[in-house]
Protein chains: 2
Amino acid sequence: MKQHKVIFYPGGEIANAADGENLLRVAAAAGLYITASCGGNQTCGKCKVIIESGTIEGGISEKLTTEEIKKGYRLACASRIKTDLSVKIPVESQLSDKRVLEKAVSKRLLIPETLKDLRPDYHLEPLVNKYYLKLPQPTKEDNVDDFSRIKRELRQISNFEDCSINLFSLNKLANTIREANFKVTITLLEENKIKPKIINIEKGDKRDRHFALAIDVGTTSIYVRLINLLSGEILGAVSDYNAQAAYGEDVITRIVYSLKGDGLKTLQSAVVKTIETLLTQILKDKEVQREEVSYLVIAGNTTMMHLLLGITPKYLREAPYIPVTNSSVEIPVAKIGLEFQEDVYQYVIPGVASYVGGDITAGVLGTGVFQAEELTLFIDIGTNGELVLGNKEWLITTSCSAGPAFEGGTIKHGMRATLGAIEQVEINKDYEPMLITIGHKPPIGICGAGLISLVAELLEVGIISQNGKFNTEIDTPRIRTRDRLREYVLVFAEQTTIGSDIVITESDMDDLIRAKAALYAGISTLLDNVGLSVSDISRIIIAGNLGFHIEIEKAITIGLLPDVPASKFTFVGNGSLLGATLCACSKQMWEEAKKIANSMTNIELADNPKFMNEYIAALFLPHTEEKRFPTVFKRLTGNA
Amino acid sequence: MKQHKVIFYPGGEIANAADGENLLRVAAAAGLYITASCGGNQTCGKCKVIIESGTIEGGISEKLTTEEIKKGYRLACASRIKTDLSVKIPVESQLSDKRVLEKAVSKRLLIPETLKDLRPDYHLEPLVNKYYLKLPQPTKEDNVDDFSRIKRELRQISNFEDCSINLFSLNKLANTIREANFKVTITLLEENKIKPKIINIEKGDKRDRHFALAIDVGTTSIYVRLINLLSGEILGAVSDYNAQAAYGEDVITRIVYSLKGDGLKTLQSAVVKTIETLLTQILKDKEVQREEVSYLVIAGNTTMMHLLLGITPKYLREAPYIPVTNSSVEIPVAKIGLEFQEDVYQYVIPGVASYVGGDITAGVLGTGVFQAEELTLFIDIGTNGELVLGNKEWLITTSCSAGPAFEGGTIKHGMRATLGAIEQVEINKDYEPMLITIGHKPPIGICGAGLISLVAELLEVGIISQNGKFNTEIDTPRIRTRDRLREYVLVFAEQTTIGSDIVITESDMDDLIRAKAALYAGISTLLDNVGLSVSDISRIIIAGNLGFHIEIEKAITIGLLPDVPASKFTFVGNGSLLGATLCACSKQMWEEAKKIANSMTNIELADNPKFMNEYIAALFLPHTEEKRFPTVFKRLTGNA
């Protein structure tokens, strides 16, 4: 897709944008906050910018005067970028000029051009290989059977003692080789070099048509990538919500559901259906035949993997919390209901514990934490926060239940990160908020990233104090009491489509504080376990969808992430999918994934007194101890 | 079952009989021919014997006078043996006293008490093993997943690098180990020692409940044996006709049928249904659960194996006659429609060529031909005659199409060896026949063994001459001309239930001569191929159902088998089933079966000029060359 370069003035920040992308969105992603109190919905008319050079589509609105339009004013939220642009953000549209530069440096993305860029030791080596054979035609003198003829020829290429064949290939063997004039491509499963297995036979030379799928099965969303095994290139990706969500938002609810009647079967069918739909779509889009896909690599948390395989997750939530399997398992996908031939396997990336699954192993693999020279902290933020600490010498891991606050659960107007969710908030000195919603739709609720953003702002401008309670001295119609609870009105009913005000209450604040305290206490306990402290950490890698969308500074402000310079943070996005992709492309990476899972030591936080103390100390914004968050305390004191 | 000893006088021959067995049948099996022109149907009253001591049930008939009954006369065909017996065969009931002793020595049976008796190098070593594990219970400190817990314990017993598990076991793992208080039995597929696979998990110690099935899939019949893998004991056997027979009697007809529409599917379903029914029956009879069966070993001819696996046999009948596979293949039986869990495999014994299948490999394995010091000829007689010649140094093999004469095809009153088929014939000096039918039912036709018996007798008494034509000088109402063809009436219509005379025609004689000529020419050509002759053969092993029922001397008389002393012949019965049984009990034997199949050199007889010459020279009874059959020629000349 065409890429354009956008330069924003007066700061001179440069952002890359895909053709047709929304200008407000690009500015926000670059950390440039443009006033847009309607959430990018083209109704407030506040996100005025001046297009100094280049071409956009749209941008004209009745909110602009004829004169403004003549001068080049456009609404950023209505503009689609079509060429390189120079854009001036007028003073009246700048929400907070002091933050512009800070933001620009904080999103250091670990998204490589190629897998080789990511992991220098990576080399392409599929888990299953194709060989092209030109067989001698049978004669009266050379009348060995078809299978032996193939084995004889294969032996020239791949050194093995014996070779087996599956029924799928046997069934079509005779006609395929004859119709192809004895020139065929063999797909060979060579996991076991002594006795590889022929799992497919195709007419002619089909070595250039060889694909795998890398799949991340998340509790909320499922991502499927199509990989060309000839080049290691990612041909495309699709994602959708996990259809299991209809039976519960988080893993615990799903485990409970799975134990009732046909619950397990129902949940398995739901996730399989989502995967089947997604892969059908991507194969169709990229014109790849199902038979050209040789295997799938799947990563997910331990509960998701149990449900996918149809294995009871019952003992995951009963002490001492034992998974049925956390080892790598290789199961034919046809067995779980995906429509592939009998020997298309799913390689399930192994996990470490009931709440540190293969998605974390994959993330550690993908980000190279296990090869790091420097002390690295890997954080996957979601309902559960999973943490990995270590370097190439050692790795320890833990998980802490943050509760559903980050996923929108328990929060009065909380919601998942879908269209219309408020994901970024800025509050000006008049206590008025500016919102950005996902998809620039009218706001309907607050997602996890939005909640963190909002609470940090409430704290920064002094609407709440460090214990999460409202400052009663502020006079604004946005702060009020309803049902005996203090609340801040983020959006009044008339600006929403839900017909009621969107608010955050003191109770919501308490939930968020508990959630962030659990995560921070997990980090502290993990460090304490090896006698280290936050200052010893050289690098923090943030994984997970929520992780990708949160604003680091704000997460530090509320005490969710440790108070270290923004330059130490890196974002990996979907680390699980990245690891699965690496494994799909490289047998060596798959072997490494197994080693990583084996080498990680799991620390249980349940009943851990250190964790409990840390948790209690963290039930404050950002923390009870000033020395833990010096820069935040300094700023808050400065503001005060 | 109780066994009784029966002594026959005046000869003093001793025969063993099962409790309740038919006395006429036991006498005939011992080579003692008792007159019984009705075929053992209790209607001619000729098979009178005197019970001198011991007890029988039945035996009384209106064909006996009151005085005869008082003297101890009974009808042999109506007597069921209940104790040890002394039986006198009165002169009037003796058909031919000169043959009584000859018969007694000719049936040297290669049916061992134990497999160890058969093959001294045999030792019990199942292809799949069970291990009993007492797992430590999980604790907060020892909280590895269930699968890893099992692997850790298994590693103490079985040395491996990695271990896999199938979905069947994964699905029940968690509940099984907990319900069994962490004491479980693991079934381990260890073909690959580096990475064995857990294919089942049972509660408690189930090592003593471990079974396999050995199956011979014949064109006509299917045999299933249940084997206790703890002891190597054969617990029972069942057999039935192959339901494919409804679609054609011989392999060629079935191949043709398989190529039309859904023919292949239909034939596969038919054979699978027969096997499923048989194994269901034997498991029920022996109170063995399906889950306790870990694998199946299957032997059969190449066509049968293709049809069983659902692989097209098309190229088996098109030059250069190439099977899709003759290699050992290991396919999950669930894939062909047998109702077992996913990793119960069928080990298909490998064959050598399109018409020398795994049944022959199994026979060679079972009879130890490949370990013989002396030159051995192995013959499996059926529609196709399969021959193996050699010893521990070398083995060559071939097959010759005898046509359907031996299976009853093309013969006017030919039939398969079922109830009512005439299987033994003696003709006295008045040209009157004595018949024994299968099941002692009224005669309805002539099976292969009966045909050989009949033609040999016709030749011996001079009714036909050596070219298979009738001697026109003999005056008996049994020789006549119908539809311009000379024929001999074996049974007149009133003694049958088919409403017409049972005859053998000169045309039938021609068919038989062609069939026996093909087999004999095959033997001669095979010997010639290695520069040897009949006199070099130390031992001839006769396999196959027809082989088991034919009378050696009569087969030599017509020139089907070479003219060597009867003492050189051994009968193995179902060699295929014997070999499959050995493989089921012993991994070493299974490995040997693969080596045998690889080591046999196949000689093609089609278009072989030597074979054609031999064939033409053999179109005579017993042969055109007197020196090939000296004892037969001597006897025929003596008789003349």
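All chains are named by letter (A, B, ...) in the order of the sequence lines, taking the proteins before the strands, and each is independently numbered beginning at 1.
Between B/Asp343 and B/Asn166, the side chains place a donor N or O and an acceptor N or O closer than 3.5 Å (distance only, hydrogens not considered). Between the side chains of A/Asn529 and A/Lys610, no donor N or O sits under 3.5 Å from an acceptor N or O. In this structure, a donor-acceptor pair under 3.5 Å is present between the side chains of A/Ser148 and A/Asp145. For the 3.5 Å distance criterion, the side chains of A/Asn181 and A/Lys203 fail to qualify, holding no donor opposite an acceptor.
Contacts of B/Leu170 with chain A are made by both backbone and side-chain atoms, with heavy-atom separations under 4.5 Å. If you measure heavy-atom distances from B/Ser164 to chain A, you find no contacts under 4.5 Å at all. Of the two parts of A/Ala353, neither the backbone nor the side chain holds a non-hydrogen atom closer than 4.5 Å to a non-hydrogen atom of chain B. Residue B/Glu141: no heavy atom, backbone or side chain, is found under 4.5 Å from chain A. B/Ala174 touches chain A through backbone and side chain together, each having a heavy atom under 4.5 Å away. Heavy-atom distances place the side chain of A/Ile194, and not its backbone, under 4.5 Å from chain B. Of the atoms belonging to B/Lys594, it is side-chain heavy atoms, and not backbone ones, that fall under 4.5 Å from chain A.
With sequence neighbours excluded, the residues that form a ring pair (Phe, Tyr, Trp, His ring centres under 6.0 Å) with B/Tyr295 are B/Tyr347. Partners of B/Tyr257 under the ring pair (Phe, Tyr, Trp, His ring centres under 6.0 Å) rule, at least two apart in sequence or in another chain, are B/Tyr247.
Chain A forms the most heavy-atom pairs under 4.5 Å with one residue out of B/Ile311, B/Ile322, B/Val324, and that residue is B/Val324. Across A/Lys151, A/Lys195, A/Lys140, the residue that shares the most heavy-atom pairs under 4.5 angstrom with chain B is A/Lys195. In terms of heavy-atom pairs under 4.5 Å with chain B, the best-connected choice from A/Val352, A/Val329, A/Asn326 is A/Asn326. Counting heavy-atom pairs under 4.5 Å between each of B/Leu316, B/Asn175, B/Thr312 and chain A puts B/Asn175 at the top. Comparing A/Asp162, A/Leu167, A/Asn143, A/Val144 by how many heavy-atom pairs each has under 4.5 Å with chain B, the most go to A/Leu167. Between chain B and the options A/Gly310, A/Ala319, A/Ser327, A/Pro332, heavy-atom pairs under 4.5 Å are most frequent for A/Ser327. Per-residue heavy-atom pair counts under 4.5 Å with chain B were compared for A/His306, A/Arg178, A/Glu604, and the maximum is reached by A/Arg178.
For the atom pair OH of B/Tyr315 and OG of B/Ser354, the computed distance is 13.0 Å after rounding to the nearest 0.5 Å. Distance CD1/A/Ile165 to CD/B/Glu330: 12.0 Å, rounded to 0.5 Å.
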Practice task
Could you go through the side-chain contact (heavy atoms from CB on, under 4.5 Å) check for A/Leu296 and A/Tyr345 one step at a time?
Solution key: CA-CA 6 Å; A/Leu296 285 63; A/Tyr345 277 76; over 6 Å; no

